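Please read the structure below before turning to the comments.
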Number of protein chains: 2
Amino acid sequence: MTVEQQPIASTGASTGASTGGLRELKKQRTRDALLRVALELFTTKGYEQTTVDEIADAVDVSQRTFFRYFANKEAVVFAAQDTVEWHFVDALRERPPAEGPFTAMRRAALSAWDSIEERLSPVVPVTLYMRTYQVIESTPALLAIHLRRSAELEEHVARLIAEREGLDIDADPRPRVAVAAFTGVMRVAGGLWGQGGDPSVAAIRELTAGYLDHLGPALADDWREPA
Amino acid sequence: MTVEQQPIASTGASTGASTGGLRELKKQRTRDALLRVALELFTTKGYEQTTVDEIADAVDVSQRTFFRYFANKEAVVFAAQDTVEWHFVDALRERPPAEGPFTAMRRAALSAWDSIEERLSPVVPVTLYMRTYQVIESTPALLAIHLRRSAELEEHVARLIAEREGLDIDADPRPRVAVAAFTGVMRVAGGLWGQGGDPSVAAIRELTAGYLDHLGPALADDWREPA
DNA sequence: CGTCAAGTGTCAGTGGCTGACACTATCCTC
DNA sequence: GAGGATAGTGTCAGCCACTGACACTTGACG
């Protein structure tokens, strides 16, 4: 699985090209190679079954070098996830101020899924990301970290919502509470999608939309009316 | 910090005494000693600054023995948390069927805090547990695991709610959605309590109650009315 | 071209965790 | 109460993630 250095010109954008020095370019290539090889290995033989040595060997660098590019083994897994999450935040920032908080979050999530491909593919093929997400959901150690990262994102989003509504986040509990409820539902959808059989973007988009619709009814204390 | 074996009679209940053989008793004592020494060290010098060797040495057993009692270093931390969580589940089971799902969860949480002391103190002093919880909230690695455990608990609670309401959990999304929103809010309260200055049971109880009250208003899309 | 700095490999070491195996202590039976 | 079955423990060797130190190589730039 060795990844040979390709001719300089053909590198496809990648993360953030910065200035075009040869040094910078090689770094970019190494990072890309490590990222893709790692995800490929994780999705085929499993996260815990893959050692850092294997990844490094496949890219012909030392283990030490791997750790200079990624703070730890998990960091590789969440490199793509990071892009996806910021994509959602960006989408939320673009919602018109007239929309209420919940509507804004809902529409941001859906529109983010619609345009995820363009944003993600320079970093990593979308299908590889999808498979990676399934690995996250099914590997306890990764799921744990994913949830903590989600909690951090949640805090970030709560501040954004507070700002939107012109509220002091430490005085008014509603931003955090609303966001907590929202991301709670998102997580349920994500979890079920991870177990379900359809690993497409469309599938998670629809699942998300459906579950969000049930939040209002679910909080009513009387469930005699069917969902 | 060596913990010497006390005379047989004076052992205070502990986890689950089972039959009174000498073997069993020694095991119980070792486990207890490991648990308390570990929590004491974690809360004083920090989780990551404490090595398993230190804990084992303090109890005069080998590192290997530590790992025979606890699957890993984290398991010690969550031994007490486990008791607390099951206490909530038990409280939920005791709510009258007439109560709606959300009301039942809310009251179960509050009543669980009211009676946590009796349930917890045989395992570990309550103040030690409180300090441990703060360690969890402030140690990224532990927070991650805590969140994953919460997600598991959440699934369990969702099944309970579905059962209560006579619903098929795979057909009706409301149980999972309601529980996700509920525990999302609980988590926000827990997080803020961890940062705040008052490490008492009363403090988290009140914080929880207050935040749950805001869930309804927070989901309304119009926040012009103050909370 | 030569100097400087950035990037890399090697090495040694720490900490969490596991399997194997021999040893010791309780238990249970005769 | 001796003696064998069995549970629990210590020791040892080893894997893997990760880190600091240091020497070496290679692109950057005057």
Side-chain angles (χ1 to χ4, degrees), chain A residues 2-5 7-8 11 15 17-34 37-38 41-42 45-78 139-142 144-145, chain B residues 2-5 8 11 15 17-35 37-38 41-42 45-78 139-142 144-145:
Chain A
T2 299
V3 174
E4 73 276 13
Q5 310 277 82
I8 296 182
T11 311
T15 345
S18 144
T19 48
L22 177 53
R23 235 196 187 86
E24 209 59 32
L25 209 149
K26 275 194 172 177
K27 256 170 54 181
Q28 208 54 56
R29 279 225 208 90
T30 310
R31 199 194 131 89
D32 261 42
L34 282 172
V37 165
L41 285 170
F42 292 161
K45 47 179 292 193
Y47 177 74
E48 323 216 278
Q49 284 64 53
T50 306
T51 68
V52 173
D53 280 324
E54 281 179 277
I55 301 166
D57 286 352
V59 182
D60 277 318
V61 296
S62 69
Q63 194 214 47
R64 195 69 183 81
T65 292
F66 173 93
F67 284 113
R68 285 198 253 255
Y69 282 95
F70 298 95
N72 42 52
K73 195 180 166 188
E74 312 132 27
V76 199
V77 177
F78 292 101
T139 307
L142 293 180
I145 293 163
Chain B
T2 301
V3 175
E4 74 276 12
Q5 309 277 79
I8 295 182
T11 313
T15 344
S18 131
T19 47
L22 176 53
R23 259 231 260 279
E24 209 60 30
L25 208 150
K26 276 191 171 178
K27 256 170 54 181
Q28 207 57 55
R29 279 223 209 91
T30 309
R31 198 194 132 88
D32 261 43
L34 283 172
L35 180 59
V37 164
L41 285 171
F42 292 161
K45 48 179 290 191
Y47 176 75
E48 322 213 282
Q49 284 64 52
T50 306
T51 67
V52 173
D53 279 325
E54 282 179 278
I55 302 166
D57 285 353
V59 182
D60 278 318
V61 296
S62 69
Q63 194 215 48
R64 194 70 183 81
T65 292
F66 173 94
F67 284 113
R68 285 197 254 255
Y69 281 94
F70 298 95
N72 43 51
K73 196 180 166 188
E74 312 132 26
V76 200
V77 177
F78 292 101
T139 308
L142 293 180
I145 293 162

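Treat the numbers as computed from the prediction; the structure is a model and nothing was measured. In what follows, every chain begins at residue 1, and chains take the letters A, B, ... in the order their sequences are listed.
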Practice prompt. Between B:R23 and B:F66, just flag the one whose closest nucleotide in DNA chain C comes earlier from the 5' side.
Written response: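 On the 5' side of the pair lies B:F66.
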Discussion item. On the nucleotide C:dC17, are OP1 or OP2 found under 4.0 Å from the side-chain N or O atoms that B:K73 carries?
Written reply: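 It does not, given that no N or O in the side chain of B:K73 lies less than 4.0 Å from OP1 or OP2 of C:dC17.
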Worksheet item: At under 4.0 Å, does any side-chain N or O of A:Y69 touch on OP1 or OP2 of C:dG7?
Response: no
Practice prompt. Please answer whether the main-chain N or O of B:T51 pairs with a side-chain N or O of B:E54 as donor and acceptor at a distance below 3.5 Å.
Written response: yes
Worksheet item: Which is true for B:A141 with a 4.0 Å heavy-atom rule: it touches a base, it touches only sugar-phosphate, or it touches nothing?
Response: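 Here B:A141 touches no strand at all.
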Item to complete: Describe the nucleic acid contact of A:S62 in one word from base, sugar-phosphate, nothing, applying a heavy-atom distance below 4.0 Å.
Response: base
Atom-pair distance ([atom1] on [X]; [atom2] on [N]), nearest Å:
{"X": "A:Q28", "N": "C:dA6", "atom1": "CD", "atom2": "C1'", "result": "16 Å"}
{"X": "B:F42", "N": "C:dG16", "atom1": "CZ", "atom2": "C1'", "result": "12 Å"}
{"X": "B:R68", "N": "C:dG19", "atom1": "CZ", "atom2": "P", "result": "11 Å"}
{"X": "A:K27", "N": "C:dA6", "atom1": "NZ", "atom2": "P", "result": "10 Å"}
{"X": "A:E48", "N": "C:dC17", "atom1": "CD", "atom2": "P", "result": "12 Å"}
{"X": "B:F67", "N": "C:dG16", "atom1": "CZ", "atom2": "P", "result": "7 Å"}
{"X": "A:L25", "N": "C:dA6", "atom1": "CG", "atom2": "P", "result": "18 Å"}
{"X": "A:D60", "N": "C:dG7", "atom1": "CG", "atom2": "C1'", "result": "16 Å"}

Worksheet, complete the sentence: Result for 5'-nearest mapping on DNA chain D, choosing between A:Q63 and B:T65, is B:T65
Worksheet item: Taking for each residue the nucleotide of DNA chain D bearing the nearest heavy atom, is the 5' side occupied by A:R64 or by A:T51?
Response: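 Here A:T51 is the residue nearer the 5' end.
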Nearest non-hydrogen partners of [X] and [Y], listed with the distance:
{"X": "B:K27", "Y": "B:Y69", "answer": "CG-OH, 3.1 Å"}
{"X": "A:T50", "Y": "A:K73", "answer": "O-NZ, 2.8 Å"}
{"X": "A:A141", "Y": "A:E48", "answer": "CB-OE2, 4.2 Å"}

Practice prompt. Return the set of residues passing ring pair (Phe, Tyr, Trp, His ring centres under 6.0 Å) with A:F70 (not counting sequence neighbours), or none when no residue passes.
Written response: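 Partners of A:F70 by the ring pair (Phe, Tyr, Trp, His ring centres under 6.0 Å) criterion, ordered by chain and then number, come out as A:F66.
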Item to complete: Taking the side chain as every heavy atom from C-beta outward, state whether B:R68 and B:R64 have any pair of such atoms under 4.5 Å apart.
Response: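 They are in side-chain contact.
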Worksheet item: Do B:V76 and B:L34 come close enough that some side-chain heavy atom pair is under 4.5 Å?
Response: no
Item to complete: Please find the earliest and latest nucleotides of DNA chain D, in the 5' to 3' direction, that have an atom within less than 4.0 Å of any heavy atom of chain A.
Response: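 Nucleotide range with atoms under 4.0 Å of chain A: D:dC16 to D:dA28.
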